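The figures that follow rest on heavy atoms only: side chains count, while hydrogens, waters and symmetry mates do not. Since we're looking at a predicted model, the values are computed, not measured.
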Amino acid sequence: MNNTKTLSSTSRDYLFDNYKALLITLVVIGHFIEPCYQNNDFLYTLKWLIVSFHMPAFIFISGYFSKRQLSFSVIMRKLLVPYIVYEFVYYLFYIFILHKETKLYLLYPKFSLWYLLALFVWRAITPYVKKCPHYMILTISAGLFIGCSDISDNYLSLPRILYFFPYFLAGTDFDRNMLTKLQKNLFRFLSAAVIILFTGLIICVPAFDTLSVKVFYGRYNYDFLGQGVIEGILCRGICCVTGFVMTFAVMLLIPNRQTFFSYLGTRTMAVYLFHGLTYSYLKDCTDLLKNITTVPQSILLLFSCALLTAVFSAAPLTVLTNKVADLKLPAAFSQITDLYTLRFRHFFHEKAAALRWLLYTRKVCTSFRHMMFLGGRF
């Protein structure tokens with residue numbers, strides 16, 4: 001019994017637990033300072049820092065822990081069913097607590113529930129997308145060009161799903177040994193320097209006074225952001241690169257050992273889901289968050305966010321989210337979804353093979369001996 005506990009504790013990768021603990025705290029802070037971050041320079045700079053990497057890093061880690069392929073019925077049970085359940089919870093909360101006019105828009109995720117829907121889509125399509133040559137270039141391009149579309153910014157969260165997908169894919173390809181090699185004092189010093197430099201740019205460069213932090217959200221099109229197509233694509237491309245750089249810069253500074261807050265990294269789902277209810281109430285029913293103006297008030301708000309993170313990581317809430325994720329689908333429904341998954345997989349294999357043959361014939365015609373793609377050699 002004791003040997004088993006020792007083995008599990010020593011084999012756990014606490015770096016990712018610690019990183020997720022930091023990220024979920026930043027998610028809470030990022031939401032709670034949304035109504036007031038323009039009230040002082042401290043919160044304004046903090047907001048830019050948070051949005052530059054917290055979701056890219058979260059999604060990257062989600063990809064890293066999604067290397068194992070699951071059946072479509074399991075993905076539905078773990079992600080799509082909880083999404084529908086929590087949509088009902090938010091709907092009832094909006095109607096009876098906030099007294100806010102709304103409907104049960106399952107195609108338009110409420111608040112932070114877009115992430116559950118996005119995880120469902122990413123996990124379902126990643127095995128097929130990765131069979132395509134240069135899939136990273138394709139997905140990055142899709143994330144850039146979706147900003148040209150006039151699609152509703154929240155319809156199935158498609159803009160965000162496409163914009164953040166490369167981070168998820170990169171996580172599935174990530175080799176932990178590479179990070180171990182980079183965990184040297186020199187690289188940690190460079191990482192700290194990158195973060196300090198970026199912070200300095202936020203404070204000193206006038207562009208950050210005119211740009212909206214929403215350029216990092218991946219949700220809004222270029223027209224909404226007041227950008228032309230070329231300007232928007234360039235800006236979004238810079239945001240994409242910044243997300244990757246900051247994700248790894250912060251990762252190299254995260255401790256590998258178990259800490260007093262490591263457990264938070266194993267309970268992020270409960271915090272992610274339930275902090276939104278509290279935030280929505282304070283934002284819609286009070287003026288408390290809007291009236292945060294001074295630096296002392298801002299610091300007090302940050303401490304309150306950290307406390308809320310600890311409260312919503314309580315074991316009973318995590319047990320509840322785990323039970324929702326373990327709701328059983330009817331056996332017949334699971335069989336039907338698996339059947340259609342096999343048909344889709346066969347169809348996709350045919351199309352991917354046709355694409356590879358097309359690229360091969362072009363390669364022969366242009367007499368290239370080797371053709372390299374992001375995601376593998378053809």
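- Considering CG of Leu320 and CE of Met269, their distance stands at 12.0 Å, rounded to 0.5 Å.
- Leu234 and Phe198 are assigned to two separate hydrophobic clusters, defined by single-linkage of ILVMFWY side chains at heavy-atom distances under 4.5 Å.
- With hydrogens and angles disregarded, a donor-acceptor distance shorter than 3.5 Å links the side chain of Tyr83 to the backbone of Leu106.
- In terms of modelled atom types and a separation under 3.5 Å, the side chain of Lys67 and the main chain of Thr172 share a donor-acceptor contact.
- Counting heavy atoms of neighbouring residues, nucleotides and ligands inside a 6.0 Å radius, atom CG of Asn185 does not exceed 12 of them.
- Interatomic distance, Ile29 CD1 to Ser298 OG, rounded to the nearest 0.5 Å: 11.5 Å.
- For Leu186, the CG atom counts as densely surrounded, since its 6.0 Å shell holds more than 12 non-hydrogen atoms of other residues, nucleotides or ligands.
- Linking ILVMFWY side-chain heavy atoms closer than 4.5 Å, directly or via other members, places Trp122 and Tyr155 in a single hydrophobic cluster.
- Atoms CZ and OH, on Phe216 and Tyr163 in that order, are 6.5 Å from each other to the nearest 0.5 Å.
- Taking the side chain as every heavy atom from C-beta outward, Leu119 and Phe168 approach each other to under 4.5 Å.
- When ring centroids are compared, Phe248 and Phe60 come within the 6.0 Å threshold.
- More than 12 non-hydrogen atoms from other residues, nucleotides or ligands lie less than 6.0 angstrom from CZ of Phe65.
- Expressed to the nearest 0.5 Å, how far CG of Leu277 lies from OH of Tyr90 amounts to 4.5 Å.
- Aromatic pair Phe164/Tyr115: centroids not less than 6.0 angstrom apart.
- Using a 4.5 Å heavy-atom cutoff, the side chains of Tyr94 and Asp284 are not in contact.
- At distances below 3.5 Å, not a single donor-acceptor pair connects side-chain atoms of Arg160 with backbone N or O atoms of Gly218.
- Counting all heavy atoms, side chain and backbone alike, Leu264 lies closest to Ala21 at CB-CB, 3.7 Å.
- Residues Phe72 and Phe120 bring their aromatic ring centres within 6.0 Å.
- Put simply, the side chain of Lys47 never gets that close to the backbone of Cys36: no donor and acceptor are under 3.5 Å apart.
- Panel note: side chain Asn39, backbone Asn291; no donor-acceptor pair is recorded below 3.5 Å.
- Classification of the Tyr105-Tyr108 ring pair by plane angle, with boundaries at 30° and 60°, yields perpendicular.
- The pair Asp326-Lys78 meets the salt-bridge criterion, since a charged nitrogen lies less than 4.0 angstrom from a carboxylate oxygen.
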### Query
Could you go step by step and tell me if Tyr222 and Phe145 meet the ring pair (Phe, Tyr, Trp, His ring centres under 6.0 Å) rule?
CA-CA 10 Å; Tyr222 302 139; Phe145 286 106; 8.8 Å; no
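- Between the CZ atom of Arg257 and the CG atom of Leu15 there is a distance of 11.0 Å, given to the nearest 0.5 Å.
- For the residue pair Ser262 and Thr259, a side-chain donor N or O sits within less than 3.5 Å of a side-chain acceptor on the partner.
- Nearest approach of Ala249 to Ser191, heavy atoms of both residues: O-CB, 3.2 Å.
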### Message
Between Phe58 and Thr268, does the side chain to side chain contact (heavy atoms under 4.5 Å, CB included) criterion hold? Intermediate values first, please.
### Response
CA-CA 10 Å; Phe58 231 134; Thr268 55; 4.0 Å; yes
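- In terms of modelled atom types and a separation under 3.5 Å, the side chain of Thr45 and the main chain of Phe42 share no donor-acceptor contact.
- The closest side-chain heavy-atom distance from Arg267 to Thr309 is not below 4.5 Å.
- With hydrogens and angles ignored, the 3.5 Å screen pairs no side-chain donor or acceptor of His31 with any backbone N or O of Val28.
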### Task
Could you walk me through whether Leu169 and Lys130 pass side chain to side chain contact (heavy atoms under 4.5 Å, CB included), step by step?
CA-CA 8 Å; Leu169 286 172; Lys130 293 184 74 169; 3.9 Å; yes
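- Counted within 6.0 Å of CG on Asn256, heavy atoms from surrounding residues, nucleotides or ligands total more than 12; the atom is thus considered enclosed.
- Other residues, nucleotides and ligands place no more than 12 heavy atoms under 6.0 Å from the NZ atom of Lys290.
- Following chains of ILVMFWY side-chain contacts shorter than 4.5 Å, one can reach Phe32 starting from Leu43, so the two form part of one hydrophobic cluster.
- Side chain to side chain, Asp13 and Tyr64 fail the donor-acceptor criterion of an N or O pair below 3.5 Å.
- Phe312 is listed as a side-chain neighbour of Thr278, based on a closest heavy-atom distance under 4.5 Å.
- Under the 3.5 Å distance criterion, the side-chain polar atoms of Asn221 are matched with a main-chain donor or acceptor of Ser149.
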### Task
Give the C-alpha distance, both sets of side-chain angles, the deciding distance and a yes or no for side chain to side chain contact (heavy atoms under 4.5 Å, CB included) between Leu273 and Val89.
CA-CA 10 Å; Leu273 291 169; Val89 171; over 6 Å; no
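- A cation-pi arrangement, defined by a distance under 6.0 Å to the six-membered ring centre and an angle within 45 degrees of its axis, is absent between Lys214 and Phe224.
- Leu211 approaches Tyr44 most closely through the heavy-atom pair O-OH, 3.9 Å.
- Put simply, Phe88 and Phe96 are part of the same group of oily side chains (I, L, V, M, F, W, Y) that touch within less than 4.5 Å, one to the next.
- Shown here for Ala124 and Pro127, the closest heavy-atom pair between the two residues is O-CD, 3.8 Å.
- The minimum heavy-atom distance between Leu182 and Phe187, with the atom names listed, is O-CB, 3.1 Å.
- Looking at heavy atoms from C-beta onward, Leu156 lies in side-chain contact with Leu117 at the 4.5 angstrom threshold.
- When side chains are defined from C-beta on, Ile151 counts as touching Pro159, because their heavy atoms get closer than 4.5 Å.
- Trp114 has its side chain out of reach of Arg219: every pair of non-hydrogen atoms, C-beta onward, lies at least 4.5 Å apart.
- Side chain of Ser52 to backbone of Leu49: a donor-acceptor contact under 3.5 angstrom is found.
- Within the model, atoms OG of Ser280 and NZ of Lys110 stand 11.0 Å from one another, a figure rounded to the nearest 0.5 Å.
- Closest heavy-atom contact between Leu138 and Cys132: CD1-CB, 4.3 Å.
- The shortest distance between side-chain heavy atoms of Phe165 and Ile125 falls below 4.5 Å.
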### Task
Kindly indicate, with the supporting measurements, whether the criterion side chain to side chain contact (heavy atoms under 4.5 Å, CB included) is fulfilled by Asp175 and Lys181.
CA-CA 11 Å; Asp175 183 359; Lys181 294 177 182 178; over 6 Å; no
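- Counting only N and O atoms by type, the side chains of Arg176 and Thr180 include a donor and acceptor under 3.5 Å apart.
- Hydrophobic cluster membership is shared by Ile195 and Leu190, with clusters built from Ile, Leu, Val, Met, Phe, Trp and Tyr side chains linked at under 4.5 angstrom.
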